[in-house]
Amino acid sequence: MHPLRRWWHDSAGGLPATFWYLWAGLLINRAGAFAMLFLPLYLAEARGASTALAGAVVGAYGAGGAVGVLLGGVLADRWGRRATLLAAHLATAGLMVGLAFSRHLAAIAALAALVGVVHSMPSPAFVAAIVDVVPEHRRSRAFNLQFWAFNLGMAVASLLAGLLAEASFLALFLVDAAATLTAAVVIGWKVPETLSRARSAQSPDDHRPARTGGARRPRRPGLHTALTDRTFLVFVGLTFVLAVLTMQTSTIMPLAMRADGLGPSAYGTVVALGGTLIVLGQLFVPRLVDRHRKGVVLAASTTLLALGFGALAFAGTLPAYLAAAVVWTVGSMLAAPPNAQINADLAPPELRARYQSVFYLAFPAASFVAPALGGLSLQYLGDRHWLIVGALGLLAAGGHLLAGPPRERHVATLRQPENPLPTQAPTPASPR
């Protein structure tokens, strides 16, 4: 086989058509989701909001996102993946039109919170649908392509947002609404419902006793199942640390670069380098990681993140920041496929979207913790902040090495038939 064809097969081959329609919907969704990137600027320039009020409105959008991931997970397991995706996309398009023509700050704040909800709802449904349709042995490449599409879409969104914002804020919101509606059309036209009702008829949780008034009865599976799954929560906790590390680029690093005398253009160059590396190199990741254990890959990727951010303690020039960015970006690229795979492995089929929603909560939580604690740390500790970030990453890498083997045994147990019954009762003469 020709090397280029072999590379394409290893990176994207063997995936069902439904996956590619989901992938296209995600790419369109991300490429068109640019209006909220310029929400603070819109509030300040077009609506005369103060910095504090603009920050509060953006915070309302973030709070809505935390609600949205949980709501999206529950609905995707109850309504179905397709229905949740369509509802979220159509609602987003309508709310964007509302934002385009709203003039009162109170109405804009309320709409921004609602947009936060519906913007986050599709994430658990997208991933759950991918797990539904992609065979297990090809999920690594599927999740790798999902991560690639997300970052490619965000890069396109950033470019388009700047152009549209200079021309018209009204166009910014209306084009966002049109792109979201286009994604809804693709999903409604080409993506069937992937949730299988048959496989959720009986759940592993049906055998878990729960006390009610002295009696023991089966407890129905739900969001609480994910929130009480200790193996899963350890994994979510380690992912939260990874998210705190990656959030440094958009929260604390700009402040550190400013303290080093580097301007906004330098920060933009560092961010652009990371995005370019992901777009150009992410498709090569599956061949690097598929033959290794997921826990080991995550330990290696987190170590790279720790070294990259820890190196900022000694950085003071743009080349030093760019070199560190290469290291932590490679770590992020390696982490994406195994993170998604482990999440899929740990989730019972009937609770896939709920597990995804709990997993995705790590990111809004990190977006709050990283700037809140990081700002204090940078202010009072200076460059030692980055040494603490690096040490935190190394601890998380060790956590992945320790948690990996028991997690793999847990996944193997989940895949075994529960309470297998013999087809014939053993007799004294039966061989053992």
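- Within the 4.5 Å cutoff, side-chain heavy atoms of F314 are placed close to those of L387.
- With a 4.5 Å cut-off on side-chain heavy atoms, L22 and L85 count as touching.
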Q: Show the numbers, then the answer: is there a ring-ring contact (aromatic ring centres under 6.0 Å, His included) between F235 and F359?
A: CA-CA 9 Å; F235 170 64; F359 172 78; 5.8 Å; yes
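- Using a 30° and 60° split on the angle between ring planes, F232 and Y355 fall in the tilted class, from 30° to 60°.
- Residues L43 and I108 are in side-chain contact: their nearest non-hydrogen atoms beyond the backbone lie under 4.5 Å apart.
- Shortest non-hydrogen contact noted between V289 and V297 is CG1-CG1, 3.8 Å.
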Q: With salt bridge (charged side-chain N to carboxylate O under 4.0 Å, His left out) as the test, would you mind laying out the steps for R352 and D77 before giving the verdict?
A: CA-CA 7 Å; R352 277 176 180 157; D77 280 337; over 6 Å; no
Q: Any chance you could lay out the side chain to side chain contact (heavy atoms under 4.5 Å, CB included) test for H400 and V296, step after step, and finish with the verdict?
A: CA-CA 7 Å; H400 278 296; V296 174; over 6 Å; no
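- Looking at R139, its side chain does come within 3.5 Å of a backbone N or O of V134 through a donor-acceptor pair.
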Donor-acceptor pairs under 3.5 angstrom involving side-chain atoms of residues 271-286: please list them, not counting sequence neighbours.
unit_1	atom_1	unit_2	atom_2	d
T276	OG1	A272	O	2.8
Q282	NE2	N144	OD1	2.5
Q282	NE2	M333	O	3.1

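- Scanning both residues, Y267 and P254, for their nearest heavy atoms gives CE1-CG, 3.4 Å.
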Q: Take W79 and V74 through the test side chain to side chain contact (heavy atoms under 4.5 Å, CB included) and record every step on the way to the result.
A: CA-CA 8 Å; W79 284 3; V74 172; over 6 Å; no
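- Side chains of F143 and N339 form no contact here, defined as non-hydrogen atoms less than 4.5 Å apart.
- Pairing each heavy atom of G308 with each of A324, the nearest pair is O-CB, 3.4 Å.
- Taking 4.5 Å as the limit, every side-chain heavy atom of Q146 sits out of range of all side-chain heavy atoms of R141.
- The shortest distance between side-chain heavy atoms of Y321 and L262 falls below 4.5 Å.
- In this structure, H89 and F126 have perpendicular ring planes: the angle between them is above 60°, well past the 30° mark.
- Distance check: D260 CG to L255 CG gives 11.0 Å after rounding to the nearest 0.5 Å.
- Note that CG of L361 and CD of Q356 are 11.5 Å apart. Values are rounded to the nearest 0.5 Å.
- Among all heavy-atom pairs drawn from I252 and G374, the shortest one is CD1-C, 3.4 Å.
- Residues T303 and L394 meet the side-chain proximity criterion, which asks for heavy atoms closer than 4.5 Å.
- Taking CD1 from I187 and CZ from R81, the interatomic distance works out to 14.0 Å, rounded to the nearest 0.5 Å.
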Q. What do the steps show when you test L145 against W20 for side chain to side chain contact (heavy atoms under 4.5 Å, CB included), and what is the final call?
A. CA-CA 10 Å; L145 287 164; W20 287 109; 3.7 Å; yes
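- Of the possible donor and acceptor atoms, one in the side chain of S301 sits under 3.5 Å from a partner among the backbone N and O of L298.
- Using a distance-only test at 3.5 Å, with no hydrogens or angles considered, no donor-acceptor pair links the side chain of Y21 to the main chain of P192.
- A salt bridge links R293 to E408: one of the charged nitrogens lies within less than 4.0 Å of a carboxylate oxygen.
- At least one side-chain heavy atom of M96 sits under 4.5 Å from a side-chain heavy atom of H119.
- Under the 3.5 Å distance criterion, the side-chain polar atoms of R82 are left unmatched by any main-chain donor or acceptor of T194.
- Heavy atoms only, all atoms of each residue included: A256 and L378 are closest at N-CD2, 3.9 Å.
- No side-chain donor-acceptor contact under 3.5 Å links S120 to the backbone of V117.
- Partners of R409 under the salt bridge (Lys or Arg N to Asp or Glu O under 4.0 Å) rule, at least two apart in sequence or in another chain, do not exist in this structure.
- Checked by atom type, the side-chain pair H385/Y380 shows no donor-acceptor distance below 3.5 Å.
- Put simply, the side chain of T302 never gets that close to the backbone of A299: no donor and acceptor are under 3.5 Å apart.
- For F363 and F240, the ring centers sit 6.0 Å or farther from each other.
- The CG atom of N151 sits 11.0 Å away from the CG atom of L27 when rounded to the nearest 0.5 Å.
- Nearest heavy-atom pair, L401 versus P405, reported as atom, atom and distance to 0.1 Å: O-CD, 3.2 Å.
- Among residues at least two apart or in separate chains, salt bridge (charged side-chain N to carboxylate O under 4.0 Å, His left out) pairs with a member in residues 329-347 are K294-D345, D345-R415.
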Q: For side chain to side chain contact (heavy atoms under 4.5 Å, CB included), just list the numbers for V127 and N343, CA-CA rounded to whole Å, side-chain angles, deciding distance to a tenth of an Å, and then say yes or no.
A: CA-CA 10 Å; V127 178; N343 197 11; 5.5 Å; no
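- Atom OG1 of T84 sits about 5.0 Å away from atom CG of L75, to the nearest 0.5 Å.
- Of the inter-residue distances, the one linking T92 atom OG1 with N29 atom CG reads 7.5 Å to the nearest 0.5 angstrom.
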